[in-house]
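Start at 1 with the first residue, then count along the sequence. Everything quoted here is computed from the prediction, not taken from an experiment.
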Amino acid sequence: MAWSNTLLQIHIKSPSIPSLLFPHSLAKRSPFLLNPNPINPIPRSLRMQFLHRPNAVPLVSRAMDIIQSSPPTWQSAVLSNLLIFVVGTPLLVAGLSLSGICAAFLLGTLTWRAFGSLGFLLVASYFVIGTAVTKVKMAQKEAQGVAEKRKGRRGPGSVIGSSAAGCVCAVLTIYGVGGEAFTRLWRLGFIASFCTKLSDTVSSEIGKAYGKTTYLVTNFQIVPRGTEGAVSVEGTVAGLLASILLATIGCLLGEISVPEVLICVIASQIANLGESIIGAAFQGKEGFRWLNNDAVNVINISIGCILAVLMQQLLQNWQMCNKYSNDLANLERFSNDMEKH
């Protein structure tokens, strides 16, 4: 009896032990008993597929890896432009026709492949500034009959005419023509071509909007606004500032140096002067009907591009000659000192 009382006391005083600590003691029933409020558990087959599935990189992550490829690839160029063009559709539609957008896509892809995201950003800056200035006083320009067609929305001819020289520099860079020594020259020519074209666009549009007096650069005869080859003080100053701005953007992006900014600006102004002379002397004249705005644009930016490359090459040669002369003078001085001693 005493023994049974002792067992009873032990049974009463012993704390209850959760049955979960001894799962083997549970009845072999549905696992739902372990969770009184089950919420659509994942089927075992799906869970096993998930656990044994290969470690695939998510699509977005893979796309970002392609875009950030260094050096740029054709894949990264196409994918980047596709994404940017989709996001920037409202701005593109404001400045380009549908066929112009297609031409711009090819230009953007080529630019990204050759010069990466920074080169693309420079061209994007050119497009934004050029589009904005084309819209300045559009109603006044249309009333005077000097506005760009389609309310300033440029077509493929304008895109190609504005970028032909830059595309050549991009191709030369992609295929490494001239080796590493010429890569920087092609980059300089690329930027100079767009500085030239932006300067031309801004000077023309601002001149048509605000120019008080416009005259032919060949004989200084006063002519109406919008006349081919005509210039104005307001437009010329605006064009100069535009070339300085774009060249400075290129410098801030690390694409060109400060001396090369000066080269781009000088080359663009000489090229624009040449374009005004060609426009005044030949454009629209008998025997030069083929010389339309797009053809003149190609000549203009080609002059700016070639001038910049030649100026930089001459500057480099001059610096090398100076260095050689200094080294020779130092050698002679050293030889004289040795003879004295």
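Every pair tested for ring-ring contact (aromatic ring centres under 6.0 Å, His included) that includes a residue from residues 138-178 fails, sequence neighbours excluded, so the list is empty. Applying the ring-ring contact (aromatic ring centres under 6.0 Å, His included) test to residues at least two apart or on different chains, the pairs with a partner in residues 215-245 are Tyr215-Phe220. Residue pairs meeting the ring-ring contact (aromatic ring centres under 6.0 Å, His included) criterion with at least one partner in residues 77-99, sequence neighbours excluded, are Phe85-Phe105. For the ring-ring contact (aromatic ring centres under 6.0 Å, His included) condition, the pairs that include at least one residue of residues 228-283, sequence neighbours left out, are Phe282-Phe288.
Taking the side chain as every heavy atom from C-beta outward, Val177 and Phe182 never approach each other to under 4.5 Å. Between Leu121 and Phe115, the closest side-chain pair of non-hydrogen atoms is not below 4.5 Å. The shortest side-chain heavy-atom distance between Thr183 and Leu172 does not fall under the 4.5 Å cut-off. Residues Cys305 and Cys169 are in side-chain contact: their nearest non-hydrogen atoms beyond the backbone lie under 4.5 Å apart.
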Next item on the list: List the steps and the verdict of ring pair (Phe, Tyr, Trp, His ring centres under 6.0 Å) for Trp186 and Phe190.
Entry: CA-CA 6 Å; Trp186 306 144; Phe190 176 84; over 10 Å; no

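Under a hydrophobic clustering in which Ile, Leu, Val, Met, Phe, Trp and Tyr are joined whenever their side-chain heavy atoms come within less than 4.5 Å, directly or via other members, Ile160 and Val298 fall into different clusters. The cluster map of Ile, Leu, Val, Met, Phe, Trp and Tyr, joined by side-chain heavy atoms under 4.5 Å apart, puts Ile101 and Val78 in the same cluster. No single ILVMFWY cluster, assembled from side-chain heavy atoms under 4.5 Å apart, contains both Met311 and Val309. Ile263 and Leu185 fall into different hydrophobic clusters, where Ile, Leu, Val, Met, Phe, Trp and Tyr residues are linked whenever their side-chain heavy atoms come under 4.5 Å apart, directly or through other members. Transitive grouping of hydrophobic side chains (ILVMFWY, heavy atoms separated by less than 4.5 Å) brings Ile191 and Ile129 into a common cluster.
Taking Thr109 as the reference, nothing meets the side-chain hydrogen bond (donor to acceptor under 3.5 Å, both in side chains) condition, with sequence neighbours excluded. Considering only residues two or more places apart in sequence or on other chains, Tyr324 meets the ring-ring contact (aromatic ring centres under 6.0 Å, His included) condition with none of them. In this view, Tyr210 satisfies the ring-ring contact (aromatic ring centres under 6.0 Å, His included) rule with no residue, not counting sequence neighbours. Every residue was checked against the ring-ring contact (aromatic ring centres under 6.0 Å, His included) condition with Phe127, not counting sequence neighbours, and none meets it.
Hydrophobic cluster of Leu310: the remaining members, joined at side-chain heavy-atom separations below 4.5 Å, are Ile306, listed by chain and number. With a 4.5 Å cut-off between side-chain heavy atoms of Ile, Leu, Val, Met, Phe, Trp and Tyr, the cluster of Leu241 takes in Val233, Val237. Other members of the hydrophobic cluster containing Val223, listed by chain and number, are Leu216; membership follows side-chain contacts under 4.5 Å among ILVMFWY residues, whether direct or relayed.
The CG atom of Leu92 sits 10.0 Å away from atom CD1 of Ile84, with the distance rounded to the nearest 0.5 Å. Put simply, CG on Asn322 and CG on Asp327 are 10.5 Å apart, with the number rounded to the nearest 0.5 Å.
Between Pro156 and Ser99, the shortest heavy-atom contact is CD-OG, 3.0 Å. Here the closest heavy-atom approach between residue Thr173 and residue Ala114 is recorded as CG2-O, 3.8 Å. A pairwise comparison of heavy atoms in Gln269 and Ser243 identifies NE2-OG, 3.3 Å as the closest pair. Taking every heavy atom of both residues into account, Leu110 and Ala170 meet most closely at CG-CB, 3.9 Å. In this structure, Thr196 and Ala271 approach most closely via the heavy-atom pair CG2-CB, 3.7 Å. Summarising the geometry of Ile301 relative to Ser193, their closest heavy-atom pair is CG2-O, 3.6 Å, with the distance given to 0.1 Å.
The side chain to side chain contact (heavy atoms under 4.5 Å, CB included) test with Tyr126 is passed by exactly one of Ser163, Cys195, Ser162: Ser162.
A donor-acceptor pair under 3.5 Å is formed between the side chain of Ser203 and the backbone N or O of Asp200. Judged by distance alone, with hydrogens and angles left aside, the side-chain atoms of Thr131 form no donor-acceptor pair with the main-chain N or O of Val128 at under 3.5 Å. Under the 3.5 Å distance criterion, the side-chain polar atoms of Glu148 are left unmatched by any main-chain donor or acceptor of Arg153. Under a 3.5 Å cut-off, the side chain of Lys135 and the backbone N or O of Ala94 do form a donor-acceptor pair. A distance-only check finds no donor-acceptor pair linking the side chain of Asn300 to the backbone of Glu275 [under 3.5 Å]. For the pair Asn297 (side chain) and Asn293 (backbone), a donor-acceptor distance under 3.5 Å is present. Judged by distance alone, the side chain of Ser232 and the main-chain N or O of Thr214 form no donor-acceptor pair under 3.5 Å. Put simply, the side chain of Ser80 never gets that close to the backbone of Ala77: no donor and acceptor are under 3.5 Å apart. The backbone N or O of Val86 lies less than 3.5 Å from a partner atom in the side chain of Thr89, making a donor-acceptor pair. Side chain of Lys197 to main chain of Ser268: no donor-acceptor pair is present (N/O by atom type, distance under 3.5 Å, no hydrogens or angles).
Glu205 and Lys141 are joined by a salt bridge, as a carboxylate oxygen and a charged side-chain nitrogen come within less than 4.0 angstrom of each other.
Other residues, nucleotides and ligands place more than 12 heavy atoms under 6.0 Å from the CG atom of Leu328. Under a cut-off of 6.0 angstrom, the local environment of CD in Gln75 is sparse, with at most 12 non-hydrogen atoms contributed by other residues, nucleotides or ligands. Counting non-hydrogen atoms of neighbouring residues, nucleotides and ligands closer than 6.0 angstrom, the CD atom of Glu180 reaches no more than 12 such neighbours.
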Below 3.5 Å, can you tabulate the donor-acceptor pairs from side chains in residues 244-262 to any protein atom, sequence neighbours excluded?
residue	atom	partner	partner atom	Å
Thr248	OG1	Ile244	O	2.6
Glu255	OE1	Arg187	NH1	2.6
Ser257	OG	Glu260	OE1	3.3
Glu260	OE1	Arg184	NH2	3.2
Glu260	OE1	Ser257	N	2.8
Glu260	OE2	Arg184	NE	3.3
Glu260	OE2	Gln312	NE2	3.4

